[in-house]
Amino acid sequence: MQAMRQERLGGPEVLRPVTVPRPEPRATEVLVRVRAAGVNPVDWKTRSTGGQLGRPPFVLGWDVAGTVEALGPGVTRFAVGDRVFGMPAFPFEAGCYAEYVTARSRELAAVPEGLGDIEAAALPLSSLIAWQSLIDTAAVAEGQRVLIHAAAGGVGHLAVQIARSRGAYVIGTDGPQHQEYLSSIGVDEPVDYTRQDVAETVRDVDVVLDLVGGRTGLASLPVLRDGGILISVPSATDITPAREAAGGRVRVTGIFVEPDRLALEDIAGMAARRLLTPRVARTFSLHEVARAHELGESGKAGGKMVLVVG
């Protein structure tokens, strides 16, 4: 099979096509014929630093949508021919930049009717970050006020839709070019961070989802009600200063996304009812993945990027 592998750390040019043996599913695993694979910021960060994978060689990619081709011993959830999607093995190597991938069956969910492979591949990692932050960690409920930083971004636009589905009042920050889009996906109070100081204009928030990092979370503490929660997603951000500044008045936590088929099934249900729609900005072929990385690192993607495989 064809895969895009890297033999060394570096820029997008290290992603090279190779022919490798097709993997065989082990016990509890399925073999998936990849139809589409999502591209995420963690991909290019890992490409350049090694991340949790360490030194190359390795094949990147964690978002996958495709068709079950074979079953390993003990698999009962799927049959050959089923359409599935998921985020296998994260943060360890899954190898979704390839024509085939193996995954534990309970790291995948069925793709709902009416959802295409490209949309399905755009969902797993980003929607699971949003779900595990807002639903599992913050337990967002009807009537609560939720502030989402970078609300038009890959995770942010899905977080907005998930929070809205729970009846929350959503405040979303992003640049001036995204204000109209924020309103279109249900943000109740769009904020142009280039013109407004959130700490001075927003109050009485129950949950802050910080998708920016740096000092953004720390600067958001004044907007939280007593007993509120600040969730900082960027893994490189040290939450210690925010936690110390909070002084126990609010909860401050980081989060690291993990495979979760139960959440994926809920996400699939929302997508089937069109309560959750990923914003796919560009598609590329498998061999064009370096171009996708270049666009992603430029900050000008304007939505999710997906590789169309085969």
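FYI, side chains are in, hydrogens and waters are out, and symmetry mates aren't considered; it's all heavy atoms of this structure. Position 1 is the first residue of the sequence, and the numbers go up from there.
- Cation-pi check for R279 over Y181 is met; the charged atom lies under 6.0 angstrom from the ring centroid and within 45 degrees of its normal.
- A donor-acceptor pair under 3.5 Å is formed between the side chain of H157 and the backbone N or O of G154.
- Between R77 and D82 there is no salt bridge, since no side-chain N of the basic residue sits under 4.0 Å from a carboxylate O of the acidic one.
- Closest of all the heavy-atom pairs between G172 and A151 is CA-CB, 3.7 Å.
- A salt bridge links D63 to K304: at least one charged side-chain nitrogen sits closer than 4.0 Å to a carboxylate oxygen.
- Under a cut-off of 6.0 angstrom, the local environment of OH in Y193 is sparse, with at most 12 non-hydrogen atoms contributed by other residues, nucleotides or ligands.
- Using modelled atom types, one side-chain atom of R203 and one backbone atom of A199 make a donor-acceptor pair closer than 3.5 Å.
- No single ILVMFWY cluster, assembled from side-chain heavy atoms under 4.5 Å apart, contains both V280 and V42.
- In terms of heavy-atom proximity, D43 sits nearest to G38 at OD2-O, 3.8 Å.
- A distance-only check finds a donor-acceptor pair linking the side chain of Q132 to the backbone of E258 [under 3.5 Å].
- Taking 4.5 Å as the limit, some side-chain heavy atom of T67 sits within range of a side-chain heavy atom of R35.
- Side-chain contact between Y97 and L286 is present, with at least one heavy-atom pair separated by less than 4.5 Å.
- Side chains of L221 and V252 form a contact here, defined as non-hydrogen atoms less than 4.5 Å apart.
- Between the side chain of S48 and the backbone N or O of K45 there is at least one donor-acceptor pair closer than 3.5 Å.
- Using a 4.5 Å cut-off on side-chain heavy atoms (C-beta onward), V187 and I171 make no contact.
- Using a distance-only test at 3.5 Å, with no hydrogens or angles considered, no donor-acceptor pair links the side chain of E265 to the main chain of L262.
- Put simply, the side chain of R166 never gets that close to the backbone of I162: no donor and acceptor are under 3.5 Å apart.
- Note on W44 and V212: separate hydrophobic clusters, where clusters join Ile, Leu, Val, Met, Phe, Trp and Tyr whose side-chain heavy atoms are under 4.5 Å apart, directly or indirectly.
- Look at E294 and R291 and you find no salt bridge, because none of the NZ, NE, NH1 or NH2 atoms lies under 4.0 Å from a carboxylate O.
- Criterion: ILVMFWY side-chain heavy atoms under 4.5 Å apart, direct or through other members. Under it, V257 and L108 are part of a common hydrophobic cluster.
- Under the 3.5 Å distance criterion, the side-chain polar atoms of Q6 are matched with a main-chain donor or acceptor of R47.
- Two residues are said to be in side-chain contact when any heavy atoms from C-beta on lie closer than 4.5 Å; E244 and I239 fail this criterion.
- A donor-acceptor contact shorter than 3.5 Å is absent between the side chain of Q196 and the backbone of T173.
- For F92 and F58, the ring centers sit 6.0 Å or farther from each other.
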Legend entry - Derivation of the side chain to side chain contact (heavy atoms under 4.5 Å, CB included) call for M87 and D260: CA-CA 8 Å; M87 185 193 70; D260 182 349; over 6 Å; no
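- A donor-acceptor contact shorter than 3.5 Å is absent between the side chain of R83 and the backbone of G66.
- The closest side-chain heavy-atom distance from L264 to F85 is below 4.5 Å.
- Put simply, the side chain of V207 does not reach to within 4.5 Å of the side chain of L147, judged on heavy atoms.
- Minimum interatomic distance between P222 and A219 (heavy atoms only, all atoms of both residues): CD-O, 3.3 Å.
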Legend entry - Check against salt bridge (charged side-chain N to carboxylate O under 4.0 Å, His left out), E119 and R274: CA-CA 12 Å; E119 287 181 299; R274 290 295 167 183; 3.1 Å; yes
Inset, instruction - Give the intermediate values and the outcome of side chain to side chain contact (heavy atoms under 4.5 Å, CB included) for residues V170 and E189. - result: CA-CA 6 Å; V170 179; E189 192 175 328; over 6 Å; no
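- Put simply, L276 and V155 are part of the same group of oily side chains (I, L, V, M, F, W, Y) that touch within less than 4.5 Å, one to the next.
- Between the side chains of S105 and E29, no donor-acceptor pair of N or O atoms lies under 3.5 Å.
- Taking CG of L125 as the start and CG of N40 as the end, the distance is 4.5 Å to the nearest 0.5 Å.
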Inset, instruction - Kindly determine whether Q144 and Y169 satisfy side chain to side chain contact (heavy atoms under 4.5 Å, CB included), including the steps that lead there. - result: CA-CA 6 Å; Q144 287 191 316; Y169 179 91; over 6 Å; no
Inset, instruction - Given side chain to side chain contact (heavy atoms under 4.5 Å, CB included), test V20 with M1 step by step and report yes or no. - result: CA-CA 6 Å; V20 295; M1 71 170 186; 3.7 Å; yes
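- Side-chain heavy atoms closer than 4.5 Å link hydrophobic residues (I, L, V, M, F, W, Y) into clusters, and following such links, possibly through other members, connects L53 to L15.
- To the nearest 0.5 angstrom, D117 atom CG is 12.5 Å from T283 atom OG1.
- E13 CD: more than 12 foreign heavy atoms inside a 6.0 Å radius.
- Rounding to the nearest 0.5 angstrom, the gap separating the CZ atom in R215 from the CG atom in D238 is 12.0 Å.
- Closest heavy-atom contact between V198 and V223: O-CG1, 3.7 Å.
- The shortest heavy-atom contact between P91 and Q52 is O-CB, 3.5 Å.
- Rounding to the nearest 0.5 Å places NZ of K300 at 13.0 Å from CZ of R282.
- Between I231 and A138 the shortest heavy-atom distance is CD1-CB, 3.9 Å.
- Between R26 and E24 there is no salt bridge, since no side-chain nitrogen of the basic residue lies less than 4.0 Å from a carboxylate oxygen of the acidic one.
- Rounding to the nearest 0.5 Å places CZ of F90 at 11.5 Å from SG of C96.
- At a cut-off of 3.5 Å, with distance as the only test, no side-chain donor of H149 or T216 sits close to an acceptor on the other residue.
- The CD atom of E99 lies 11.5 Å from the CE atom of M4; values are rounded to the nearest 0.5 Å.
- Residues I148 and L211 are in side-chain contact: their nearest non-hydrogen atoms beyond the backbone lie under 4.5 Å apart.
- For D204 and R145, the salt-bridge test fails: no basic side-chain N is under 4.0 Å from an acidic carboxylate O.
- Q179 places no side-chain N or O within donor-acceptor distance of the main-chain N or O of P176, the cut-off being under 3.5 Å.
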